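The structure appears below as structure tokens.
Please read all numbers here as calculations on a predicted model, not as lab measurements. In what follows, chains carry the letters A, B, and so on, assigned in the order in which the sequence lines appear, proteins first and then strands, with residues in each chain numbered from 1.
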Amino acid sequence: MTGTGRAAGPDGFILLPGYFDRAAQESLLADVLAGIDAAPLYQPSMPRTGAPLSVQMSNFGPLGWIADRKGYRYEPVHPVTGRSWPPLPQALLELWNAVSGWPQPPQACLVNIYGPDARMGLHIDADEDARNAPVVSISLGDRARFRLGGPERKSPTRSMVLSSGDVVVLGGASRRFYHGVDRIYPGTSTLLPEPFAPGRINLTLRRVN
DNA sequence: GAGTTCCC
DNA sequence: TTAG
């Protein structure tokens, strides 16, 4: 048993479809919008080249993930405002306790805002010292095609559609698997308000150290 | 469209 | 090294 209440696959990957019902999604969305008010969205960019990522980002929690020309890293403050990130919403702490199986609380919640054409190239989450702590992801808004590979870039991949309210846990070996978002399916959810619709919000909870 | 590799 |  993993303590998640549902069986993980041999890779430690878990998809929990419809974990959050509509009311819970609306409550989470309110938390996210309040957080973005305090910690405005910013445009991350690739190290060295400065090429912008197609998503916009913010963070909750003691640490936030930053991508800019200098590199990828965790920082305790917003790169533009210099203020601390807003605290982690209680509902996300409860989710972590329910599904992660990890004894310590999450330290970061990355907020990724996808427009209708945004994507996330295949990558491994590798900026955390806590490489064995699961990553827990929540989908809000339009559906997305999520791709999960293996430990090497050339590993075969599989894909699945993630819908609003779905929760994904990358635990065990899958914590170090390549993954990404191929595309958004615009107009497939009524959750998000302007200017976030059509689009998708993804929240990822991580233990950093 | 899916899968894989390479380049800046 | 790096989610482009």
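At least one donor-acceptor pair closer than 3.5 Å links the side chain of A:Ser174 to the backbone N or O of A:Gly171. In this structure, A:Arg83 contributes its side chain and A:Ala38 its backbone to a donor-acceptor pair below 3.5 Å.
Evaluated for a salt bridge (charged side-chain N to carboxylate O under 4.0 Å, His left out) with A:Glu128, the options A:Arg73, A:Arg207, A:Arg175 yield exactly one hit, A:Arg175. Partner A:Leu15 forms a side-chain contact (heavy atoms from CB on, under 4.5 Å) with one of A:Leu148, A:Val169, A:Leu162 and no other, that one being A:Leu162.
Taking the ring-ring contact (aromatic ring centres under 6.0 Å, His included) definition, one finds that A:Tyr42 meets it with A:His78, sequence neighbours left out.
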- Start with the C-alpha gap between A:Asn202 and A:Tyr114, add the side-chain angles, then the distance that decides, and say whether side chain to side chain contact (heavy atoms under 4.5 Å, CB included) holds. CA-CA 8 Å; A:Asn202 186 67; A:Tyr114 292 77; 4.0 Å; yes

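Counted by atom type alone, A:Arg145 and A:Tyr185 present one or more donor-acceptor pairs between their side chains at under 3.5 Å. Between A:Arg22 and A:Thr190, the side chains place a donor N or O and an acceptor N or O closer than 3.5 Å (distance only, hydrogens not considered).
Think of the region where chain A sits on DNA chain B: with heavy atoms and a 4.0 Å cut, that region ends 5' and 3' at B:dG3 to B:dT5. The outermost nucleotides of DNA chain C lying under 4.0 Å from heavy atoms of chain A, listed 5' to 3', are C:dT1 to C:dG4.
For the atom pair CG (A:Leu28) and CD1 (A:Ile138), the distance works out to 7.0 Å, reported to the nearest 0.5 Å. Of the inter-residue distances, the one linking A:Leu205 atom CG with A:Leu88 atom CG reads 6.5 Å to the nearest 0.5 angstrom. Summarising the geometry, atom OG belonging to A:Ser45 is positioned 10.0 Å from atom CD1 belonging to A:Ile66; distances are rounded to the nearest 0.5 Å. Here CD of A:Glu26 is found 11.0 Å from CG of A:Leu192. Values are rounded to the nearest 0.5 Å.
Proximity of residues 108-129 of chain A to DNA chain C (heavy atom under 4.0 angstrom from any strand atom) is restricted to A:Arg119, A:Met120, A:Gly121, A:Leu122, A:His123, A:Asp127. For DNA chain B, the neighbouring residues in residues 152-164 of chain A, judged by any heavy atom under 4.0 Å, are A:Lys154, A:Ser155, A:Pro156, A:Thr157. Contact check of residues 196-207 of chain A against DNA chain B (heavy atom, cut-off under 4.0 Å) returns no residues at all.
Contact between A:Trp85 and A:Gly61 at its shortest, heavy atoms only, is CB-O, 3.2 Å.
Taking 4.5 Å as the limit, every side-chain heavy atom of A:Ile113 sits out of range of all side-chain heavy atoms of A:Val55.
In the displayed structure, A:Arg119 atom CZ is contacted under 6.0 Å by at most 12 heavy atoms of other residues, nucleotides or ligands.
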